[in-house]
Every structure is written in structure tokens, then in C-alpha cells.
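Index from 1, following the sequence.
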Amino acid sequence: MRTPTRRSVLGASVTLAGTGVLAACSDSVASTTIPGGSAVSAPKGYVVPDGEEVAAAEKKRAASGGTVRKVRLTAAESRLDLGERTVRSWSYGGDLPGEEIRVTAGDTLALTLANHLPDTTSLHWHGIALRNDMDGVPGLTQRPIASGTEFHYCFTVPHPGTYWFHPHAGVQLDRGLYAPLIVDDPREPLSYDREWVVLLDDWVDGVDGSTPNAVLHELRGGMGGMDMGGSMSGMSMRTESATSSDSGPSRRLTGAHSDKLGGDPGDVAYPYYLVNGRTAKAPSVFRARPGDRIRIRFINAGGDTAFRVALGGHELTVTHTDGYPVRHAKGDALLIGMGERYDVVVTAGDGTFPLTALAEGKDASTMAVLRTGGGAAPTAEASPRELDGRLLAAHKLTADESVALKRRSPDRTIRLQLTGTMTHYDWAFDGKPYNASQRHPVRAGERVRLEFRNRTSMWHPIHLHGHTFALAKGQDGPRKDTALVLPGGMLTVDFDADNPGLWMLHCHNVYHSEAGMMTVVGYQS
């Protein structure tokens with residue numbers, strides 16, 4: 001990842017292929033109409049992804065008259081250097097992570113994805129309140145992008161913040177198909193000198209014959225009649241030696257435990273954990289000067305792993321979560337679930353420091369390095385004391401007044417049970433595996449309350465497309481699009497129904513979602 005100064009961050013978008021006037025995007029949108037019509041026929045009375053209501057909402061977003069940013073992106077099979085070994089996987093442009101895309105709030109992003117993969121794919125713009133037919137969910141908002149074809153995504157990006165993009169097709173997210181999308185604020189109030197974008201990942205693809213599809217196949221075979229969700233905390237963690245029925249060794253995680261996640265930390269024992277595409281034995285290095293104020297944008301792009309992160313010798317000041325500002329909170333470490341993002345500011349010390357990402361509960365870690373001066377590089381096993389210090393997570397944060405949800409009683413409450421066991425690997429909402437015809441109805445203009453009750457013995461990071469919600473912590477909970485629900489716990493969030501369409505709601509553990517823990521929030525017309 002490049003290491004821009006604040007001047008270059010706000011002054012240029014070096015990854016972009018070109019610019020144009022706002023009107024230029026209208027032709028691109030028209031040309032991307034899905035062959036044969038919309039990807040899904042909504043039941044009578046519901047807004048369709050390419051309907052008039054969606055177009056009207058997009059026209060309103062585009063009224064600010066921002067610039068069109070044009071990008072061309074290729075998804076293809078690649079050889080990726082993780083630092084201590086090279087693997088074959090899939091990626092964007094042959095890079096891991098894919099190259100950063102940077103726009104300014106109010107701009108329109110016009111991106112052409114060329115699919116050179118051997119399978120269909122899509123692009124989901126995680127956290128962006130975009131037009132519904134550009135959300136990238138095959139079978140719901142668009143048709144799958146066939147191998148050897150292209151798709152043109154074109155939408156206005158309304159809000160500044162730290163976002164990212166990845167496929168919404170099977171378990172493709174657990175390959176190398178992800179990259180940051182950074183949306184600059186033209187009136188940025190935060191003062192800092194340099195910026196460090198940090199993507200965290202768990203890695204299995206191409207290691208000793210393993211693939212995410214083989215991992216899912218193994219997990220769907222169940223756990224031998226035992227519900228492993230927290231039932232084996234007394235056993236030592238191990239990777240089983242049996243061979244999966246597809247390819248590669250078993251990657252099933254057993255015997256692991258995390259108090260911070262309520263018991264079982266996950267399903268998959270990954271052979272590697274990465275920061276910006278590199279292992280701890282060959283880490284990426286960020287260079288700055290002593291005294292620099294560095295904005296670190298953390299993105300957890302993992303498939304099955306929560307990361308506890310800390311920068312040795314430094315205090316973290318959290319300024320944003322999931323793109324939205326919070327009242328600044330100081331701590332030593334952060335707990336970040338899959339799909340979550342946190343921005344922090346640190347004042348750089350003089351020397352060389354480990355940015356350590358502990359795979360929470362999995363007895364493994366990885367790191368990157370902050371270098372501002374001399375000194376030996378930290379070892380791969382570096383474990384800064386800050387990891388066990390003051391831990392910050394979303395429930396401890398408060399929304400900044402500028403983005404706090406206005407006080408209002410909910411017009412509608414949707415109650416969802418999180419269900420499933422490791423025994424049968426039947427993750428779902430309300431015991432019903434995902435079907436694209438599912439609808440939880442809402443109407444435009446409503447304040448909607450979502451209540452999630454976790455009946456499982458696993459934790460789940462729940463993500464809502466196309467919106468941000470507020471954690472119902474009084475009236476000033478932080479604004480987020482992804483939030484953790486611990487085993488046996490309950491999460492209540494509120495959002496304003498202001499973006500019409502059919503929107504996915506799902507667990508961001510890629511194996512849980514693919515097993516069935518997905519559903520749809522649908523706007524009634």
C-alpha cells in the first residue's frame with residue numbers, strides 16, 4: 001500500500017483512469033441495464049432494483065454536481081506473494097490487496113469490471129449508500145457477471161469515510177478479491193499529517209491445495225454430531241489432520257476460545273494471517289517521521305476472523321467507525337469484526353514499532369511495521385503490551401453530534417432470530433435459509449428498528465447493505481453498517497429508510513452467509 005501525505009491524499013486520485021462531467025455517467029448507467037431486465041422480479045408492491053424510485057433517489061444524490069471518476073478493474077487468476085510464500089489465487093489487477101480507489105464525497109464512480117475469472121462474479125461496495133441496482137448482489141440486484149464479460153458500475157458516492165469492495169458471489173471474498181475505497185471529505189475536519197490504510201485478512205486459498213470452496217464443503221459436513229459452538233473450550237486448539245473431501249488438509253477449527261467473543265471465535269483455522277497482503281515474517285512497512293499525526297484506516301477483510309489490533313508503544317484515538325465520526329475515544333487496542341472499519345489517529349514515536357493484529361481466540365497473529373527512525377525491526381512474534389490494555393469496540397463509542405440519528409420513535413420493528421449450529425452448519429435467520437424471494441417490508445420515510453437475538457453459540461457480524469444504522473445506545477449510538485452480536489446476546493439498531501430497493505442483510509462471516517444466514521429488507525412501493 002502506498003503511504004500518502006495528507007497533501008497528496010486530498011489533492012489527487014492517482015488510481016483513477018480519468019474524470020469527466022457528471023452528465024457523462026448517465027450514458028454509462030443506461031448501457032449497463034441488465035440484459036433481459038432486472039436481476040429479480042420483486043413481488044407485487046415492492047420496489048425493484050432498477051425502478052423509478054431508485055432512479056429518483058440517485059438523481060437526488062447526484063444533485064451536488066460532483067466529478068465523474070472513471071476506473072477500469074480486472075478480476076483474474078493471479079500469483080500472489082504473501083511474503084514467505086507465493087500462492088495462486090484470484091485478485092484485482094494482480095495485487096493483494098487490490099489497488100486503492102479514492103474519490104471525494106459527492107463524486108460519481110464509474111467503474112468497469114472485466115471478469116477474467118473462470119467463474120461468475122460481482123462487486124459489492126461495502127458500506128456505501130448507493131443506488132440499488134449497483135449494489136452487486138447476484139440474483140437480487142443484478143445478474144452474475146459471466147466469465148469473459150464486463151459490467152459497468154456507476155453511482156454517486158454520498159458520504160465520506162473508509163469503505164471497501166469485494167465480490168458478493170459464493171465464498172469469493174475469501175480469496176484475494178478485495179480493495180479499499182476511500183471517500184475524502186471536501187471539508188475534512190480531522191487534522192493529520194499522513195495516512196495509513198491497513199487491510200486485515202485471514203488466508204487459506206492456494207495453501208497446500210486448499211480453497212475457500214473446499215473449506216465450505218468441509219464445514220457443511222458438520223462437526224461429527226457435536227455442536228462445537230463453545231462446547232470444546234477446554235480442549236487445545238488444533239487443525240485436524242484428516243483430508244477434506246475436496247482438496248487440501250482439514251481447515252476446521254476446534255477447541256479455540258475467546259472470552260471477548262463470547263466463546264467460540266470462529267470455524268476456520270487459517271494457515272496465514274495478513275496485514276496488507278503480507279505475513280508477519282515479511283511484513284509491510286509504513287514510513288513516517290517522529291511526531292507525525294497518522295490517520296490509520298483499519299478494514300477487516302477477513303472471512304472468519306476477528307482481529308484485536310494494537311500499535312506497540314502508542315495510544316490509539318478512535319475517530320470514526322464504518323465511515324462515520326464518533327466522539328474521540330482513547331484506548332490501547334481495537335476489536336474489529338469482519339466487515340468493520342475503524343479510523344484512529346496516533347502520534348508517531350521515534351523508532352520502529354509493530355502494528356500487531358491478533359487473530360482473536362485463534363492463537364495466531366500477524367503484523368506490519370511502523371518505522372520513523374532507527375532500530376531493529378520487531379520479530380514476527382512481537383506482542384505489544386497494548387494488546388492487553390484498554391480495549392475499544394463499537395459498544396463503547398458514541399456518535400459525533402454531526403451524524404447522530406435524530407430522536408424519533410421507530411415506525412416499524414423487525415425482529416430476527418439468529419439460528420443454527422456447527423453440528424448441521426445451518427446458519428440462518430429465524431431458521432429459514434436464504435431465498436432471494438424473502439422480504440422484510442419497510443416503507444420509505446420510516447424509522448426502522450432491527451432487533452437481533454442470537455440463539456446460537458457463535459458470534460455473528462451483521463451487515464446491512466445500502467444504509468447505516470445507529471446502535472440503539474440511548475439516542476447517541478455510533479453509526480455503523482456492520483455490528484457484532486455475541487452468543488446469547490441481543491443487538492438493537494435503528495435506521496432511516498431513505499434508500500429504496502431490495503437490500504441484503506446478512507452475517508459477514510462468509511461461510512455463515514453462504515450457508516444461509518442472509519435475508520432481504522425490501523421497500524414497499
Side-chain angles (χ1 to χ4, degrees), residues 46-47 49 54 57 124-137 140-141 155 157-159 161-166 168 173 181 299-300 321-324 336-341 394-395 399 403 405 410-418 427-430 434 436 438-454 459-473 477-485 489-510 512-513 516-524:
Y46 282 87
V47 173
V54 172
H124 168 57
W125 310 91
H126 187 114
I128 301 293
L130 76 175
R131 56 182 297 152
N132 191 220
D133 55 352
M134 297 289 116
D135 192 44
V137 182
L140 185 69
T141 67
F155 55 90
V157 185
H159 303 122
T162 300
Y163 304 97
W164 62 303
F165 57 93
H166 58 80
H168 219 286
L173 168 61
L181 171 61
I299 302 169
N300 185 348
T321 180
D322 290 2
Y324 279 72
I336 312 177
M338 295 85 77
E340 287 191 293
R341 290 93 62 213
H395 69 278
V403 298
L405 212 58
D411 302 297
R412 185 189 301 265
T413 298
I414 299 172
R415 296 179 175 88
L416 294 165
Q417 308 253 5
L418 281 59
W427 308 112
F429 291 109
D430 297 325
Y434 172 66
Q438 292 171 343
R439 299 288 180 272
H440 295 281
V442 301
R443 287 192 180 277
E446 290 183 332
R447 169 67 56 83
V448 181
R449 174 160 291 177
L450 300 174
E451 292 183 355
F452 303 98
R453 188 174 295 277
N454 188 353
W459 67 284
H460 303 279
I462 300 300
H463 173 52
L464 174 63
H465 288 205
H467 302 76
T468 63
F469 47 70
L471 302 191
K473 173 189 171 187
R479 297 286 299 276
K480 291 182 65 62
D481 53 68
T482 309
L484 312 188
V485 192
M490 184 171 178
L491 174 70
T492 301
V493 303
D494 293 341
F495 73 92
D496 287 331
D498 57 4
N499 194 14
L502 302 174
W503 298 104
M504 184 69 77
L505 175 68
H506 66 96
C507 177
H508 219 275
N509 182 314
V510 68
H512 292 183
S513 62
M517 192 174 273
M518 302 189 291
T519 190
V520 176
V521 173
Y523 279 64
Q524 294 177 310

Least distance between heavy atoms, [X] atom then [Y] atom:
X: Ala428; Y: Met517; result: O-CE, 3.4 Å
X: Lys480; Y: Thr482; result: CE-O, 2.7 Å
X: Ile414; Y: Pro441; result: CD1-O, 4.2 Å
X: Ala129; Y: Pro158; result: O-CG, 3.5 Å
X: Gly477; Y: Ala399; result: O-CB, 3.3 Å
X: Ala394; Y: Pro478; result: O-CG, 3.5 Å

Do [X] and [Y] make a side-chain contact, defined as non-hydrogen atoms from C-beta onward lying under 4.5 Å apart?
X: Phe452; Y: Leu505; result: yes
X: Leu173; Y: His508; result: yes
X: Glu340; Y: Leu484; result: yes
X: Leu181; Y: Trp164; result: no
X: Leu471; Y: Leu491; result: yes
X: Ile462; Y: Leu450; result: no

**Report entry** Residue that, paired with His467, satisfies side-chain contact (heavy atoms from CB on, under 4.5 Å) out of Asp496, Asn499, Val448, Val493
**Finding:** Asn499
What residues, two or more places apart in sequence or in another chain, satisfy side chain to side chain donor-acceptor pair (under 3.5 Å) together with [X]?
X: Asp430; answer: none
X: Tyr163; answer: none
X: Arg453; answer: none
X: Asn300; answer: none

Closer than 3.5 angstrom, by distance alone: can the side chain of [X] be matched with the main-chain N or O of [Y] as a donor-acceptor pair?
X: Thr519; Y: Arg439; value: no
X: His126; Y: Gly339; value: yes
X: Asp481; Y: His463; value: no
X: Asp322; Y: Arg341; value: yes
X: Asn132; Y: Leu502; value: yes
X: Tyr434; Y: Phe429; value: no

Requested in this report: Measure up the His460 and Trp427 rings against each other and bin them: parallel (under 30°), tilted (30 to 60°), perpendicular (over 60°).
Outcome: perpendicular
For [X], check side chain to side chain contact (heavy atoms under 4.5 Å, CB included) against everything at least two apart and list the hits.
X: Ala470; answer: Leu405, Arg479
X: Arg415; answer: Thr413, Glu451
X: Leu130; answer: Trp125, Ile128, Met134, Asp135, Phe155, Trp503

Query raised in the report: With sequence neighbours excluded, what pairs up with Tyr324 under the ring-ring contact (aromatic ring centres under 6.0 Å, His included) test?
Result: His159
Report task. Run the ring-centre check on His506 versus His465 and record whether the distance is less than 6.0 Å. Result -> yes
Query raised in the report: Between Asp494 and Arg449, is there a side-chain N and carboxylate O pair less than 4.0 Å apart?
Result: yes
Query raised in the report: Who are the salt bridge (Lys or Arg N to Asp or Glu O under 4.0 Å) partners of Arg412, not counting sequence neighbours?
Result: Glu446
